[in-house]
Amino acid sequence: MAFTLIRPGVASSVQDLGRCGYQKYGIIVGGVMDPPSARLANWLVGNPDDAALIEFSFLGPSILFEDQTLFALTGGHCRPKLDGISITPGRPLLARAGQILTIGGLTAGCRGYFAVAGGIDVPEWFGSRSTYIRAGVGGYGGRMLQPHDRIPVGRPVPLVQKLMVCLPDTEDGWFFSLRRSYRGAKTIRVIADGLWDRFTEESRRTFQEAEYTVTTASDRMGYRLDGPELHLEKPLEMYSEAVTNGSIQVPRGGHPIILMTDHQSTGGYPRIAQVASADLPILAQLPPQSRLRFRLISISEAERLLVAQEKRLMHLRLSVVRKLEKLASDTFDLNKKD
């Protein structure tokens with residue numbers, strides 16, 4: 001099974017949940033920018049959490065299906081069409097061989113996810129199918145997707161194969177959503193870094209009170225922010241130290257940089273704070289010119305927020321599984337009556 005890209009969209013690449021366990025060797029984790037949205041897309045087509053899919057930014061790809069394919073779209077808001085007919089994101093959809101999906105631009109948020117039943121079947125590199133662009137490895141040839149790329153698809157699980165026999169073509173109004181708003185200034189919760197007290201009192205106060213803007217010089221590696229400058233009490237010579245997704249570095253110029261999914265494995269700039277893991281997905285959806293503020297919280301509060309988020313996701317996953325099982329059961333009953 002496979003599908004072909006007519007147009008690749010913007011910054012489209014094959015991703016999964018990342019390449020864990022190798023950062024100590026200088027190999028980045030990488031993976032999707034917004035894991036909850038990617039996981040939901042995979043659940044909707046019966047895939048495991050870590051199945052490979054396509055992540056795109058701002059503008060989604062146009063796709064020619066070569067085989068009957070169950071697919072789903074999640075992430076930023078969009079208005080996709082299948083053979084020119086509007087379809088609903090957040091639910092499993094069946095495409096027939098020869099049909100064309102046009103995703104179009106995102107109207108809110110900046111990352112979208114396209115998953116197919118069976119997952120994208122490109123070779124693994126160090127246990128992951130994620131594209132590591134700067135090293136030219138993983139994903140589809142180690143690069144961004146291009147027009148006419150033919151993307152291989154794995155074999156769907158038995159439940160999905162049953163669904164694909166005669167999933168209704170008509171939509172009955174249901175869909176699943178993470179219930180987010182991507183509009184307006186966002187408050188991003190952070191934990192003070194070990195070097196917090198090395199910054200001036202004025203900088204620490206400014207960091208918590210000022211509004212910052214995501215600049216156009218931002219990408220999957222990091223978000224550069226425009227706003228009031230932050231400064232240390234006195235110059236500090238540092239060895240490079242391990243960094244992670246959400247580390248907030250402050251270079252000599254004073255403008256913060258938030259490290260994102262494709263961040264380097266170590267960094268030598270002073271870190272003022274760390275974004276709480278629960279807020280990383282919404283941060284990943286902020287396009288350039290987005291406004292944000294930081295709110296300082298404790299480590300225990302950050303842990304509580306992450307546990308609560310994971311509980312909500314597990315409840316959502318259970319709802320998706322139950323819906324798929326009911327659809328498969330209804331399909332089986334209809335076939336028996338026929």
Does a side-chain heavy-atom distance below 4.5 Å link [X] with [Y]?
X	Y	value
F294	L225	yes
F176	S319	yes
E211	P228	no
P80	P89	yes
V320	K323	no
V32	L17	yes
Q285	S290	no
S218	T215	yes

Any donor-acceptor N/O pair, [X] side chain to [Y] backbone, under 3.5 Å:
X	Y	value
S12	P8	yes
D149	Q146	yes
Q264	G26	no
D279	I282	no
R198	E233	no
K186	S181	yes
H255	G227	yes
S128	S130	yes
T131	I133	no
Q161	P156	yes

Atom pair [atom1]/[atom2] of [X] and [Y] - distance to nearest 0.5 Å:
X	Y	atom1	atom2	answer
L93	L73	CG	CG	7.5 Å
N47	N42	CG	CG	4.5 Å
I87	F175	CD1	CZ	14.0 Å
L324	L163	CG	CG	6.0 Å
S247	M260	OG	CE	11.5 Å
I54	I103	CD1	CD1	7.5 Å

Please list, chain by chain and in numerical order, all residues satisfying side-chain hydrogen bond (donor to acceptor under 3.5 Å, both in side chains) with [X], sequence neighbours excluded.
X	value
E325	none
S177	none
R224	none
H148	none

| Hey, mind stepping through F71 and F3 against ring-ring contact (aromatic ring centres under 6.0 Å, His included) and telling me if it holds? | CA-CA 11 Å; F71 71 93; F3 60 85; 9.6 Å; no
Over all atoms of both residues, closest heavy-atom pair of [X] and [Y]:
X	Y	answer
N245	H263	N-NE2, 3.2 Å
G246	Q274	C-NE2, 3.4 Å
V160	A117	CG1-CB, 3.5 Å
P251	I257	CG-CD1, 3.6 Å
G105	L59	N-CD1, 3.5 Å
C78	T107	N-OG1, 4.4 Å

| Residues E202 and T200: side-chain donor-acceptor under 3.5 angstrom | no
| request: Go through the side-chain N and O atoms of S265 and Q23 and say whether any donor and acceptor fall under 3.5 Å apart. | output: no
| note | By side-chain contact (heavy atoms from CB on, under 4.5 Å), D193 pairs with (sequence neighbours left out) L195, R271
| request: Return the set of residues passing side-chain contact (heavy atoms from CB on, under 4.5 Å) with T187 (not counting sequence neighbours), or none when no residue passes. | output: R295
| request: Answer yes if V122 and V137 sit in the same cluster of Ile, Leu, Val, Met, Phe, Trp and Tyr residues linked by side chain heavy atoms under 4.5 Å apart, and no otherwise. | output: no
| Co-membership, hydrophobic cluster, residues F114 and V153, 4.5 Å side-chain | yes
| query | Do Y212 and Y223 have their ring centres less than 6.0 Å from each other? | reply | no
Flag the pair [X] and [Y] as a salt bridge only when some basic side-chain nitrogen lies within less than 4.0 angstrom of an acidic carboxylate oxygen.
X	Y	answer
D50	R19	no
D16	R129	no
R291	D226	no

Can you establish whether the number of heavy atoms outside [X] located under 6.0 Å from its atom [atom1] is more than 12?
X	atom1	answer
K81	NZ	no
Y269	OH	no
L296	CG	yes

| field | Partner residues of R204 under the salt bridge (charged side-chain N to carboxylate O under 4.0 Å, His left out) criterion, sequence neighbours left out | value | D197
| said: Holding to salt bridge (charged side-chain N to carboxylate O under 4.0 Å, His left out), I want the full list of residues that pass it with D49, two or more places apart in sequence or in another chain. | reply: R39
| query | What side-chain hydrogen bond (donor to acceptor under 3.5 Å, both in side chains) pairs are there with at least one residue in residues 51-76, not counting sequence neighbours? | reply | T4-E66, R7-S62, E55-Y113, E55-R220, S57-R111, E66-R150, Q68-R96
| Trace of the side chain to side chain contact (heavy atoms under 4.5 Å, CB included) decision for L313 with L178 | CA-CA 8 Å; L313 285 170; L178 295 175; 3.9 Å; yes
| Which ring-ring contact (aromatic ring centres under 6.0 Å, His included) pairs, counting each pair once, include a residue from residues 73-94, with sequence neighbours left out? | H77-Y182
| note | residues 18-64 vs ring-ring contact (aromatic ring centres under 6.0 Å, His included), sequence neighbours excluded, gives Y22-F126
| query | Looking at I258, V275, L280, which one forms a side chain to side chain contact (heavy atoms under 4.5 Å, CB included) with I188? | reply | V275
| task | Any chance you could pull the hydrophobic cluster mates of L64, using side-chain heavy atoms under 4.5 angstrom and chaining through other members? | result | I6, I100
